[in-house]
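Accompanying notes for the structure given below.
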Amino acid sequence: MAAFYSTGALDQALDLKDGVLAAALGWHLTMCGTSFEAGVELGKTELDFVVRTARGDGLIECKMNHLLAKDDALRKKLYDDRDQLRDHLRIAKGHGITLSHAACVVNLTRQHLASLSATMQPEADHEFSRVRGQILSYEDAAAWLRDIVAGTG
């Protein structure tokens with residue numbers, strides 16, 4: 001069956017800036033029984049997800065990229081996504097939040113993301129490196145989460 005229009009949680013998910021990707025990640029975290037906070041507000045900044053683990057808290061940002069864009073435009077957007085993750089790490093630290101992991105989950109396939117990432121300059125920020133910050137394909141998000149929750153990542 002199909003509805004004529006979305007309602008309830010689906011409607012709210014579609015209205016999110018990060019779309020269904022953030023909703024799917026929130027659902028996955030809930031179904032796995034992972035402790036997390038969504039939409040953590042720090043002044044004018046909002047952290048998409050702060051995941052609670054035995055080894056420390058992890059930051060997850062979600063970004064929807066325009067998949068029909070040319071690779072140069074997508075690469076620029078990935079730099080922007082990574083910059084925002086780095087900036088959110090700094091802001092969290094400034095608010096006394098200690099993070100041990102960080103990732104920006106994007107709506108690109110593993111293969112497409114790898115081809116774009118191979119041509120990007122590495123992030124030089126110390127805090128970004130300390131938390132092993134990275135951009136992840138939605139295809140790899142579940143494995144990354146398993147690793148940080150289990151303490152192997």
Side-chain angles (χ1 to χ4, degrees), residues 13 15-153:
D15 284 341
L16 292 172
K17 180 179 167 191
D18 298 315
V20 179
L21 181 59
L25 185 58
W27 176 84
H28 180 77
L29 289 166
T30 300
M31 296 309 293
C32 292
T34 303
S35 177
F36 71 95
E37 289 181 59
V40 176
E41 292 190 21
L42 303 176
K44 294 180 180 180
T45 301
E46 181 180 89
L47 309 179
D48 290 346
F49 295 96
V50 176
V51 179
R52 310 290 182 196
T53 73
R55 287 187 45 211
D57 296 341
L59 171 62
I60 303 173
E61 294 293 331
C62 297
K63 290 294 173 198
M64 296 292 288
N65 296 303
H66 193 296
L67 297 178
L68 298 178
K70 299 216 183 282
D71 280 355
D72 287 344
L74 275 172
R75 190 176 301 103
K76 181 187 178 320
K77 183 68 172 102
L78 289 175
Y79 275 117
D80 292 344
D81 296 345
R82 189 175 72 184
D83 289 350
Q84 184 191 44
L85 181 63
R86 183 201 58 230
D87 294 346
H88 284 192
L89 286 167
R90 289 178 180 167
I91 292 167
K93 185 176 182 178
H95 280 83
I97 299 172
T98 303
L99 297 165
S100 59
H101 301 84
C104 179
V105 178
V106 297
N107 63 323
L108 298 173
T109 65
R110 178 184 304 121
Q111 182 178 2
H112 196 184
L113 177 60
S115 71
L116 293 169
S117 296
T119 61
M120 293 175 65
Q121 294 294 318
E123 174 61 54
D125 183 73
H126 171 73
E127 187 67 10
F128 193 89
S129 297
R130 185 189 68 76
V131 298
R132 288 172 265 146
Q134 57 190 297
I135 300 174
L136 286 175
S137 165
Y138 68 91
E139 294 175 315
D140 296 318
W144 181 83
L145 281 166
R146 262 192 318 274
D147 288 348
I148 68 164
V149 169
T152 59

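We find that R75 and D71 are not joined by a salt bridge, their nearest charged nitrogen and carboxylate oxygen being 4.0 Å or further apart. Taking 4.0 Å as the cut-off between side-chain N and carboxylate O, K76 and D72 do not count as a salt-bridged pair.
The minimum heavy-atom distance between E46 and E61, with the atom names listed, is O-OE2, 4.0 Å. For the residue pair L47 and A92, the shortest heavy atom distance occurs at CD1-CB, 4.3 Å. Counting all heavy atoms, side chain and backbone alike, E139 lies closest to Q111 at OE1-N, 4.5 Å. In terms of heavy-atom proximity, C104 sits nearest to L85 at N-CD2, 3.7 Å. Residues S100 and R132 share a closest heavy-atom pair of O-NH2, 4.4 Å. The two atoms that bring Y79 and T119 nearest to each other are OH-O, 4.3 Å, heavy atoms only.
Checked by atom type and distance alone, the side chain of D57 never pairs as donor or acceptor with a backbone atom of L99 at under 3.5 Å. Of the possible polar contacts, one joining the D48 side chain to the C62 backbone as a donor-acceptor pair under 3.5 Å is found.
Distance check: L78 CG to K63 NZ gives 12.0 Å after rounding to the nearest 0.5 Å. Note: L25 CG to F49 CZ = 4.5 Å, rounded to the nearest 0.5 Å. The CG atom of L116 sits 13.0 Å away from atom NZ of K77, with the distance rounded to the nearest 0.5 Å. Here the NE2 atom belonging to H112 is positioned 10.0 Å from the OG atom belonging to S117, to the nearest 0.5 angstrom. From M120, atom CE reaches atom CD1 of I135 across 4.5 Å, with rounding to the nearest 0.5 Å. For the atom pair L136 CG and L113 CG, the distance stands at 8.0 Å (nearest 0.5 Å).
Between D83 and E123, the closest side-chain pair of non-hydrogen atoms falls below 4.5 Å. Proximity of T109 to Y138: side-chain heavy atoms (C-beta onward) are separated by under 4.5 Å at one or more points. The shortest distance between side-chain heavy atoms of W144 and I60 falls below 4.5 Å.
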Could you check F36 against T30 for side-chain contact (heavy atoms from CB on, under 4.5 Å), going step by step and ending with a plain yes or no? CA-CA 8 Å; F36 71 95; T30 300; 3.6 Å; yes

Starting from the C-alpha separation in whole Å, work towards a yes-or-no answer on side-chain contact (heavy atoms from CB on, under 4.5 Å) for L59 and V131. CA-CA 9 Å; L59 171 62; V131 298; over 6 Å; no

Check step by step if side-chain contact (heavy atoms from CB on, under 4.5 Å) holds for H88 and T45. CA-CA 8 Å; H88 284 192; T45 301; 3.3 Å; yes

Determine, step by step, whether R130 and L89 satisfy the side-chain contact (heavy atoms from CB on, under 4.5 Å) criterion, reporting the C-alpha distance in whole Å, the side-chain angles of both residues, the deciding distance to 0.1 Å, and the verdict. CA-CA 11 Å; R130 185 189 68 76; L89 286 167; over 6 Å; no

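The only member of R90, K93, R86 that meets salt bridge (Lys or Arg N to Asp or Glu O under 4.0 Å) when paired with E127 is K93.
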